[in-house]
Amino acid sequence: MKLNERSVAHYALSDSPADHTGFLRTWGGPGTPPTPSGTGRRCWFVLKGNLLFSFESREGRAPLSLVVLEGCTVELAEAPAPEEFAFAICFDAPGVRPHLLAADGPVAQEAWVKALSRASFGYMRLVVRELESQLQEARRSLALQRHSSCKAVANRCKPQALDYWSLGLENGHSLPRDYSPVGLGEEGGSRWAGRALAEGVLQGPANLLLGSGQSPVSPETSCFSTLHEWYGQEIVALRRRWQQRTQGSQAEYGEQAEQDRS
Amino acid sequence: MRYNEKELQALSRQPAELAAELGMRGPKKGSVVKRRLVKLVVNFLFYFRTDEAEPVGALLLERCIVAREEPSGFSISFMEDPERKYYFKCCSEEQCQEWMEALHQASYEFMRRSLIFYRNEIQKMTGKDPLEQFGISEEARFQLSSLKE
């Protein structure tokens with residue numbers, strides 16, 4: 001089976017976050033017998049997401065091996081040599097041999113077993129979805145609180161704040177791909193508010209708000225502050241991707257979250 | 001780089017996020033478009049000959065670049081060589097959009113960023129770390145410091 005090995009190796013060496021690193025003894029490898037024996041080979045291991053790479057050394061410029069951590073469990077194991085702190089990555093699929101590894105001590109062993117057990121894509125996805133629905137909840141209750149505590153100042157920000165929160169995550173269809181920030185007509189206003197929530201770009205809409213005679217110190221503007229705070233360089237990428245995501249899948253996630261709650 | 005093909009083959013049999021028959025053309029000069037069953041599973045894109053059970057190949061999707069290629073197609077390339085593209089032809093605009101959106105989200109790194117964003121938003125709004133209830137708030141993969149870009 002072909003694999004985009006060059007790209008995989010590039011990813012392994014890139015500055016993308018490593019979830020765990022350390023020296024481990026390994027028994028797989030070219031020229032090794034099918035049944036592990038001896039003391040194994042000491043390699044530098046790097047866990048990135050659901051991918052476990054090994055290198056000859058910390059400075060290795062090319063990964064020696066890749067293990068894809070999907071459909072597997074991690075268990076403590078007996079090593080061929082005594083007093084090793086061994087564990088094995090075992091696959092559900094038939095015919096796939098377990099990977100035997102050993103750490104330098106019990107602390108490292110436990111840390112690796114934990115890190116590898118939670119490395120799957122599915123686990124990460126579960127946590128993301130859980131937090132996503134928690135955030136929806138938090139936003140909904142915050143909007144309700146603010147709505148009920150706001151007095152009737154003729155303030156166009158208020159209805160938009162409600163639409164803002166509810167449109168942002170629940171109804172991906174309400175987020176137009178192309179929008180023209182033209183004034184604050186009811187429909188146009190709520191549409192750009194939803195889009196702004198998704199995109200996290202608030203300079204334009206905030207200016208529009210202030211420009212049309214809203215008070216910059218109105219209590220409602222604090223509902224934008226959450227997003228304003230995050231308008232920072234390091235998450236521009238996140239917002240862009242999140243916006244694309246909300247355009248596509250939010251309807252689905254919203255439904256899923258509803259189902260999970262009922 | 002050594003890897004276990006059987007691990008990847010087993011993964012290719014897992015339920016897919018998205019699967020369809022698409023036209024596919026490799027990055028090499030002179031490649032022709034072939035019909036392939038393309039299957040998105042976690043952060044891998046597998047492609048099969050339409051009548052075979054084992055994939056011809058797999059693409060790891062971390063740090064990939066997904067671009068629109070007219071008409072109704074898209075390409076996947078990678079950061080170290082953005083012009084070296086795998087081309088895919090869809091049967092409609094909708095299908096193309098569907099695939100591009102799915103591929104944008106099909107990376108561990110994307111999920112990590114989403115999670116960190118949500119975690120911090122919830123923390124600011126509620127004052128509580130939502131990961132504490134699961135006992136995982138100290139895990140490296142969930143830390144803001146792991147975002148470097």
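Quick caveat: nothing in here was measured; it's all calculated off a predicted structure. Order of the sequence lines sets the chain letters (A, B, ...), proteins ahead of strands, with each chain counted from 1.
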Problem - Pick from Arg13(B), Glu5(B), Glu54(B) with the largest number of heavy-atom pairs that fall under 4.5 Å of chain A - result: Glu5(B)
Handout entry: Pairs of heavy atoms under 4.5 Å with chain A: top-ranked of Pro55(B), Ser12(B), Ala10(B)
Key = Pro55(B)
Exercise for the section: Against chain B, label Ala138(A) side chain, backbone, both or neither, depending on which of its atoms sit under 4.5 Å from a heavy atom there. Expected result: both
Which answer fits [X], side chain, backbone, both or neither, if we ask what part of it has an atom under 4.5 Å from a heavy atom of chain A?
X	answer
Leu11(B)	side chain
Gln9(B)	both
Gln133(B)	side chain
Arg84(B)	side chain

[X] side chain near [Y] side chain, heavy-atom distance below 4.5 Å:
X	Y	value
Arg6(A)	Asp81(B)	yes
Asn4(A)	Tyr86(B)	yes
Val68(A)	Phe44(B)	yes
Phe121(A)	Met111(B)	yes

Exercise for the section: Select, from Lys114(A), Glu70(A), Glu130(A), the one with the greatest count of heavy-atom pairs under 4.5 Å involving chain B. Expected result: Glu70(A)
Handout entry: Shortest non-hydrogen separation from Arg63(B) to Tyr11(A) and the atoms involved
Key = CG-CD1, 3.9 Å
